[in-house]
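Chain letters run A, B, ... following the sequence lines, proteins first and then strands; every chain starts at 1.
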Amino acid sequence: MFKKKECVAMLLAGGQGSRLYALTKKTAKPAVSFGGKFRIIDFPLSNCINSGVDTVGVLTQYQPLVLNEYIGNGLPWDLDRTFGGVSILPPYQGFSGSDWYKGTANAIYQNLEFIKRYQAEYVLILSGDHIYTMDYNKMLQYHKENNADCTIAVLEVPMEEANRFGIMSVNPDMSIYKFSEKPKNPDSNLASMGIYIFSADKLYKYLTEDEADPTSSNDFGKNIIPNMLNNGERMFAYGFEGYWKDVGTISSLWEANMDLLGEKPVLSFSEETRIFSRHENEAPQYVGAEAIVENSSITEGCEIYGTVINSVLGYGVVVEKGAVVRDSVLMHHVSVGEGAKIEYSILDSEVQVGKGAKVGRPRENAEGITVIGAGNVVGEGEDIADNQMIYSE
Amino acid sequence: MKAAGLIFSNIHDASIPELTKPRTMASIPFGGRYRLIDFALSNMVNSDITTVGLITHNNYQSLLDHIGTGKDWDLARRSGGIRILPPFITSGTRGDDRLYNTRLQALVGVKNFVENCGADNVIISDCNMICNIDFTDALECHIANDADITIITKLVNTSELKFPLDKYIKVVTSNDKNEIVDYLPYDNQEGELHINTNMMIIKRSYLLSLINEADARGYDSFSRDVIMRNLGKHRFFAFEYDGYFNYIDSMQKYFFCNMKMLDPSKRKLVFHVKNRPIYTKVRNSAPTRYTESAKVTNSIIADGCVIEGVVENSILFRGVKVGKGTVIKNSILLQNTYTGDDVYLNCVVTDKNVTIKNGKMLSGHETLPFYIGKGTTV
């Protein structure tokens, strides 16, 4: 039995995130660790539950093992429900054939049955690429008030950066009259955040038509939104104010982590915007007698005997005596041996850095961030320069 | 099934009245993010004991809140799992004395659980001790000995103890076959003593006969009416536990046991034993944020804290805020303690949700920590 749900969320989590290189060799981008104890997908999932959206389909495709394991039955997000809750939706073999998800629109098209089972009136489309907290319910109310067919969340970006985004041109009532993907000469600075609400019947109609068009690349941004605009559907932009960051590149991922630090961090969470995550059972962190910890975010299970400055440490990181970690992001269970030095780097989970080893160069004169993929070992006394990307196949 | 568990949540409440005023002994916070019951529960779960009864008496709201469905200890099970056993008042065994007062009376009250737990043995545990024990070996010895009761003991040397043993501690003497030959309250003996850890294994059929007999004859003391009365007649054995063990029976000891966890070698024996983690309720706080003015040394810090001041030799629970210019030394700050700017604390224990306003100075002594009650504003 399926109880009717007013709004069902579909979370596109199949992307490879190829610009994160070493970090997404073995995991899908939404499962990449963030801010010590979170993963990127915690943000849209927590936003859903905080907004009262309790039925979420997660569409997976690329390297789904860690992601599937992580989501599990949805308990950490209160999404282990008898009616609704979280469902993982991988590509599947059907009666007439089987196909990978060809594009974002095709992925939803292949799972229309999931939405129909809940007789949803509205469909919220999300992606697992961004760090932000948002009340989707407010956006849904806005969608309903406008009697819209499609509402797209937009963020004001600096005009000079507008050419990097999908840009919405709007009338004074915020209805959209033009959509341009990465325009050379943008006439607006309202960037699409990749968050859409569709009225379900329109979504069905356009997805079905799109599927029938062999020339389509089955993408929301490239096909569905332009088609709807051309047909004069009621499309509105929903202005969002607040923290939002695309963490699709190494440097933006690093920056977003650093946004958690400081006396008044740019990125912080309140009781209403709590971000939930699957919890590892670790003892509290311990800061040793000779340790120095400054301007950093440290998670349970860490044991700090050395120096940690301007860094974000995940679960169970060990920093031995005399070791220095500066301007870096260390994901869970990284160990840093005695006297080792880590500067301006991202170390993925379970990386082991041997005694006296050097990773990266001081941020002031480094060419770029050094990244070490999950489980790699940096030998005793080894030296890895700046702007390096180390991973094992 | 070899064994089920039974945990007494209130048995030592009176020994530490400050902290048990709003809660049970079992739900006293410990070590940054735990509650005392986490040790007893985790020890059972890690020994594959997954049917556990939790005997409560009074003040158990905080305990219910902590346990929830038992999911965090993997005890939300279709068969077995955790069962909370509040006092069964109408079953009062004698006249007006309806709420149980002793260990034995409590056992009489949970006869139903013992009858239906479906295990051959019942492991009984208090919850005022800090230890990480695998019951498997003790259980094997218990079964091999065909014992009625196996008491788990700990060897202590009175000359090395920081706190003298209290009179209620029972000293166990056993022969070379581990049969218990004497069982007496502590009476100023010196040297090496085997003390009862208040963890024991009882054959279920024997426990049921004890319950029936106690009910019929009005027995109320487990030590006197069960152990001492039947010594030499029934099969009572001792099993020595050689791991880390400490117990909390006063505010001084609470302070001492917490501070012991700052010692990495001790912490290792309790929290970092391979395959035997200590579980606790998940609260989903963000990681702890240290600002540039933070200076933290030799301290245990839970998640969700914001630290702008100096913290030395202290234990901070979840969601503690340490303001600028504030110095926290040798103190235990429970969940959501808020300290403003330029506060100075030394040897202080603050209960949950305490607020200490700017510029306040408070100090106790390690032999008499200064305790600030739940929700107080200083």
Side-chain angles (χ1 to χ4, degrees), chain A residues 34-38 42 46 73 75-78 80 257 260-265 267-271 273-305 308-318 332, chain B residues 30-34 38 42 45 69 71-74 76 132 261-264 267-268 270-273 276-308 311-320 323-324:
Chain A
F34 177 80
K37 71 188 327 183
F38 309 108
D42 288 332
S46 303
N73 67 353
L75 180 94
W77 306 270
D78 224 351
D80 56 329
N257 271 287
L260 289 162
L261 304 181
E263 269 182 38
K264 293 217 161 55
L267 173 57
S268 62
F269 314 111
S270 67
E271 200 54 35
T273 60
R274 270 173 80 183
I275 301 301
F276 304 95
S277 61
R278 187 168 287 277
H279 200 272
E280 294 190 23
N281 218 304
E282 296 271 3
Q285 55 198 273
Y286 173 72
V287 181
E290 292 157 42
I292 298 173
V293 180
E294 274 175 28
N295 193 37
S296 295
S297 168
I298 299 192
T299 311
E300 282 163 2
C302 288
E303 302 253 324
I304 315 293
Y305 301 96
V308 179
I309 297 173
N310 301 336
S311 296
V312 175
L313 272 52
Y315 284 110
V317 171
V318 180
H332 60 90
Chain B
F30 183 84
R33 63 182 294 243
Y34 301 95
D38 293 338
S42 303
V45 172
T69 61
K71 180 80 191 161
D72 291 326
W73 296 263
D74 204 10
N132 189 327
M261 292 298 111
L262 291 177
D263 177 347
R267 204 167 56 246
K268 209 171 166 204
V270 177
F271 294 118
H272 301 298
V273 182
R276 300 214 308 265
I278 303 296
Y279 309 97
T280 190
K281 184 187 176 188
V282 168
R283 203 174 152 258
N284 255 304
S285 328
T288 284
R289 183 158 53 87
Y290 299 74
T291 66
E292 275 175 21
S293 49
K295 194 165 180 300
V296 180
T297 47
N298 191 36
S299 295
I300 289 176
I301 317 266
D303 276 5
C305 297
V306 177
I307 301 173
E308 302 186 80
V311 181
E312 268 179 47
N313 309 327
S314 294
I315 295 173
L316 271 50
F317 283 69
R318 295 186 269 211
V320 169
K324 266 189 210 165

Closest non-hydrogen contact found for Q285(A) with A302(B) is NE2-O, 3.8 Å
Quick check for you: among I307(B), L262(B), V311(B), which has the greatest number of heavy-atom pairs under 4.5 Å with chain A?
L262(B)
Atom CD1 in I300(B), atom CD in E300(A): separation rounded to 0.5 Å?
12.5 Å
side-chain contact (heavy atoms from CB on, under 4.5 Å) between Y286(A) and I301(B): does it pass, once the steps are laid out?
CA-CA 6 Å; Y286(A) 173 72; I301(B) 317 266; over 6 Å; no
Looking at I278(B), T297(B), V270(B), N284(B), which has the largest count of heavy-atom pairs under 4.5 Å with chain A?
N284(B)
Part of L75(A) within contact of chain B (heavy atom distance under 4.5 Å):
side chain
Which one of I298(A), I309(A), L261(A), N295(A) satisfies the side chain to side chain contact (heavy atoms under 4.5 Å, CB included) criterion with Y290(B)?
I298(A)
Between K295(B), E308(B), R267(B), the one whose heavy-atom pairs under 4.5 Å with chain A are most numerous:
R267(B)
Interchain contact, F38(A) with chain B, by part (heavy-atom threshold 4.5 Å)
side chain
Using non-hydrogen atoms and a 4.5 Å limit, figure out which bit of I292(A) sits close to chain B: side chain, backbone, both or neither.
neither
Working to the nearest 0.5 Å, report the span between CZ of R283(B) and CZ of R274(A).
6.5 Å
What's the shortest heavy-atom distance between G31(B) and P284(A), and which atoms?
O-CG, 3.2 Å
Heavy atoms only: give me the nearest S297(A)-P287(B) pair and the separation to one decimal.
OG-CB, 3.3 Å
Side chain from CB out, backbone as N, CA, C, O: work out which of these in Y279(B) comes under 4.5 Å of a heavy atom of chain A, or both, or neither.
both
State, to 0.1 Å, how close A294(B) and E294(A) come at their nearest heavy-atom pair, and which atoms those are.
O-CG, 4.3 Å
Most heavy-atom pairs under 4.5 angstrom with chain A, which of D303(B), T280(B), V282(B)?
D303(B)
Counting heavy-atom pairs under 4.5 Å with chain B, which one of P76(A), G301(A), S296(A), C302(A) comes out on top?
S296(A)
So, the part of F317(B) with a heavy atom under 4.5 Å from chain A: the answer is neither
What part of E292(B) gets closer than 4.5 Å to chain A, counting heavy atoms only: side chain, backbone, both or neither?
both
Would you mind telling me which of A291(A), P265(A), G36(A) has the largest number of heavy-atom pairs within less than 4.5 Å of chain B?
P265(A)
Non-hydrogen atoms of chain B under 4.5 Å away: do they reach the side chain of L260(A), the backbone, both or neither?
backbone
Between H272(B) and A283(A) the two heavy atoms that sit nearest each other are CE1-CB, 4.0 Å
